[in-house]
There are 2 protein chains.
Amino acid sequence: MPHGGARKNAGRPKGQGKFGEPTKPVRIPTSLIASVIDFVHENGYILPFYGHKVQAGFPSPADDYIQEKIDLNKHLIKNPSATFLVRAMGDSMIGAGIHSGDVLVVDRSLEPKSGKIIIAAVDGQLTVKRLLQKNGQSWLMPENQDFPAIHISSTQDIHIWGVVTNVIHPV
Amino acid sequence: MPHGGARKNAGRPKGQGKFGEPTKPVRIPTSLIASVIDFVHENGYILPFYGHKVQAGFPSPADDYIQEKIDLNKHLIKNPSATFLVRAMGDSMIGAGIHSGDVLVVDRSLEPKSGKIIIAAVDGQLTVKRLLQKNGQSWLMPENQDFPAIHISSTQDIHIWGVVTNVIHPV
DNA sequence: TTTTTTGAATACCGTACATTATTCATGTTA
DNA sequence: TAACATGAATAATGTACGGTATTCAAAAAA
């Protein structure tokens with residue numbers, strides 16, 4: 001006893017899948033499968049970003065006409081393979097907004113120019129300071145009255161490891 | 001004229017692929033394929049993290065025995081679907097390490113308890129302040145002498161939008 | 001002996017395909 | 001007529017498969 005028969009509008013509708021859109025198989029290294037699934041599940045960690053144009057009232061997060069979409073990783077990291085993180089200790093750079101315990105995003109591929117905040121190893125000790133170069137001399141300048149400037153001389157073992165691009169300050 | 005013949009140790013060695021490890025096909029929504037490929041290519045945006053235990057000399061980034069591996073997204077975002085970003089304007093929270101132009105990571109799923117730094121809309125104007133609740137009263141407290149505290153009364157249109165979890169300060 | 005050539009062996013990779021899930025017009029039943 | 005059951009139609013999904021890339025031991029050549 002047959003039912004149904006040829007007709008239109010039958011079949012599973014589009015966009016009913018797990019993601020509401022078509023998918024394609026992509027090969028993923030086994031060690032990253034879990035994080036890729038996380039990543040996809042979170043829609044790529046793309047967050048709504050309310051910029052400084054928001055003045056006349058705060059839009060609902062549901063409104064998407066005024067917001068940008070930002071992936072923090074891409075926003076903070078320009079050169080992934082040259083980037084690392086360091087936890088800052090001490091208050092010598094408090095004037096630059098770097099507090100003890102903050103996480104610093106450091107890019108090794110940027111040139112440490114005068115005026116940049118840099119990570120340096122001074123006699124094997126890690127430190128964050130502002131680089132100052134003038135009259136052929138180089139200094140590591142703190143931004144806190146209580147700390148001394150460090151003159152970079154050939155008698156000291158100083159390596160500059162990278163330029164600080166962002167400070168992440170937990171609240 | 002035949003060459004070769006049956007033998008052992010023939011064939012392409014393992015781990016010679018693009019990623020140096022086995023892969024599996026995973027279905028990805030088309031709109032995310034590009035970012036997933038980026039993500040995989042950058043090894044999941046996993047950065048070396050040199051914690052505060054690094055004291056007796058700064059290890060080379062090649063040394064991986066002392067470093068942790070951190071994905072900034074996972075480090076900064078606990079509840080992806082409830083998280084958004086706002087750019088802070090003004091200096092009213094300078095004492096909490098929030099500078100004009102900083103990007104604030106805000107979690108809407110956290111309860112705005114007294115003492116937390118929160119994002120609020122006051123009469124439609126977006127603001128960041130520390131929430132203070134005592135004696136049944138609620139206040140929005142700046143951390144800058146030049147700004148007044150705001151008393152939350154029923155006559156004002158105040159909505160708390162979320163709790164600030166991290167401050168991202170570009171250098 | 002040393003160097004070069006060859007092709008068997010085996011991993012890599014993209015995607016076609018078979019399976020599963022879902023919906024709804026039609027047929028059946030009350 | 002209204003409610004229900006059926007199965008045709010079609011999208012979604014995971015994986016098997018065929019083609020490609022790569023290496024190396026053996027055979028051939030020098």
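Below, chains carry the letters A, B, ... as their sequence lines are ordered, and counting in each starts from 1. Keep in mind that this is a model prediction, so the values were computed, not measured.
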Whole-Å gap separating [atom2] ([N]) and [atom1] ([X]):
{"X": "Lys14(A)", "N": "dA21(C)", "atom1": "NZ", "atom2": "C1'", "result": "17 Å"}
{"X": "Lys24(A)", "N": "dA12(D)", "atom1": "NZ", "atom2": "P", "result": "15 Å"}
{"X": "Asn9(A)", "N": "dA11(D)", "atom1": "CG", "atom2": "C1'", "result": "15 Å"}

Judged by each residue's nearest nucleotide on DNA chain D, which is more toward the 5′ side, Val26(B) or Arg12(B)?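 Its nearest nucleotide being more 5', the pick is Val26(B).
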
Please assess Tyr50(B) against Phe84(A) for the test ring pair (Phe, Tyr, Trp, His ring centres under 6.0 Å), listing each intermediate value before the final yes or no. CA-CA 8 Å; Tyr50(B) 299 95; Phe84(A) 63 94; 5.5 Å; yes

Measuring to OP1 and OP2 of dG14(C), would you say a side-chain N or O of Lys18(B) lies under 4.0 angstrom away?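 For dG14(C), OP1/OP2 do have a side-chain N/O of Lys18(B) under 4.0 Å.
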
So does Gln16(B) get a side-chain nitrogen or oxygen closer than 4.0 Å to the phosphate oxygens (OP1/OP2) of dA21(D)?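 Answer is no, no contact under 4.0 Å.
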
Describe the nucleic acid contact of Pro25(B) in one word from base, sugar-phosphate, nothing, applying a heavy-atom distance below 4.0 Å.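 Base, at least one base heavy atom under 4.0 Å.
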
Test item: side-chain donor near acceptor, Asn79(A) and Asp107(A), under 3.5 Å: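 Note: Asn79(A) and Asp107(A) side chains meet the donor-acceptor criterion.
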
Short side-chain donor-acceptor distance under 3.5 Å, Glu143(A) and Ser92(A):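 No, Glu143(A) and Ser92(A) have no side-chain donor paired with an acceptor closer than 3.5 Å.
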
Taking the side chain of Arg27(A) as its heavy atoms from C-beta onward, which of dT22(D), dT13(D), dC13(C) lies nearest to it?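 Of the candidates, dC13(C) comes closest.
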
I want to check something: taking the side chain as every heavy atom from C-beta on, are Ile77(B) and Tyr45(A) in contact at a cut-off of under 4.5 Å?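 Result yes, sub-4.5 Å side-chain heavy-atom pair found.
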
